[in-house]
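Counting starts at 1 for both ligands and their atoms, following the listed order.
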Amino acid sequence: MLKNRRVEMVEVGPRDGLQNESTIVSTVDKAELIRRAIAYGVRRIEVTSFVNPRRVPQLADAEELVTMLPERGDVTYIGLVLNRRGAERALATGRIDELGAVCVTSDSFGIRNQGQTSDESLAAAMEIVALAKQAGRGGQITIATAFGCPFEGEVAIDRVVDMAKRAADAMPREIALADTIGVGAPAQVADMVGRVREAIGNLPVRVHFHNTRGTGLANVWAAVNAGAATVDASLGGLGGCPFAPGAAGNVPTEDVVYLLERCGVSTGLALPQVVEAAAWLTEAMDRPLPAMVSKAPGFPMDFRPFGDQAPKA
Ligand code: ZN
């Protein structure tokens, strides 16, 4: 039984999509990606992260990029931060509407990813939400590696539910469940979204999937059916390093829009414009991107995404 007839989509291409790309994408192209995302209907965009530029060189231009964001009252620009220092940098720009904070389910991943244990990462995330609120901005909390950890394997659902419950005390805009390494499966997703929703009362659940093992779209569908309010996606399925075997991108925006809209769930996004933007991005990245809908013939038949310039390969 479909619970949601409408979901909100967050475009994460400019941050999660690009952060593993070895070739540095110009700030102008990043701004263009954001401009196009707004044009195809997205109203919440993860634009960059304020982390150590030596650790993520691709996003070293965070401050410069945010000066190029279109001034729009109807679009929420999210900046990802991992600690107080990042939060202060993001807030100092005056252009970030919402801080995205990330906590992790295991100490092993936390130490490697952000130099924090799991509990420390949760405390930091809650502090970040408080800082955002003090500055009159929004704050949300993502539980990364919610469906599995690259170092510790299976993650107990009780652990995730407990973290979500504690995170909810900070009154973030939402709790996001992220399958950072793309190991989740639909039954697990349905179970976890349902249990987390029960645990956090009125707070919405957002989901973030990677297509590493081909379960990404199925997981989106399971999450939406279980009542997730917001779905992350990345234009073209960008993400993951092309030189790292096994790394894979986020679920592609165009594939998620096709799936949901064809099932009667409104995303607020216009598929023809998403596909057009994917064609632009493919050219900008100079390689084929993983998304499937933007490579396929339009359907219904009168929908011709690439017009006369349909890509040959
Ligand atoms: Zn991700």
Please name all residues satisfying salt bridge (Lys or Arg N to Asp or Glu O under 4.0 Å) with R54, sequence neighbours left out, ordered by chain then number.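 For R54 there are no salt bridge (Lys or Arg N to Asp or Glu O under 4.0 Å) partners, ignoring immediate neighbours.
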
Indicate whether the side chain of S266 and that of R6 have a donor and an acceptor atom separated by less than 3.5 Å.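 The answer is yes; a qualifying pair exists.
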
Tell me if the centroids of the rings in F299 and Y258 come within less than 6.0 Å of each other.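 No.
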
Thinking salt bridges, do E64 and K30 make one under a 4.0 Å N-O criterion? no

Presence of salt bridge, R44 and E11, under 4.0 angstrom: no

Measuring from atom CD1 of I181 to atom OG1 of T145, what distance do you get when rounded to the nearest 0.5 angstrom?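 One gets 7.5 Å once the value is rounded to the nearest 0.5 Å.
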
Keeping waters out of it, list the protein N, O or S atoms under 2.8 Å from the Zn ion (ligand 1). D16 OD2, H208 NE2, H210 NE2

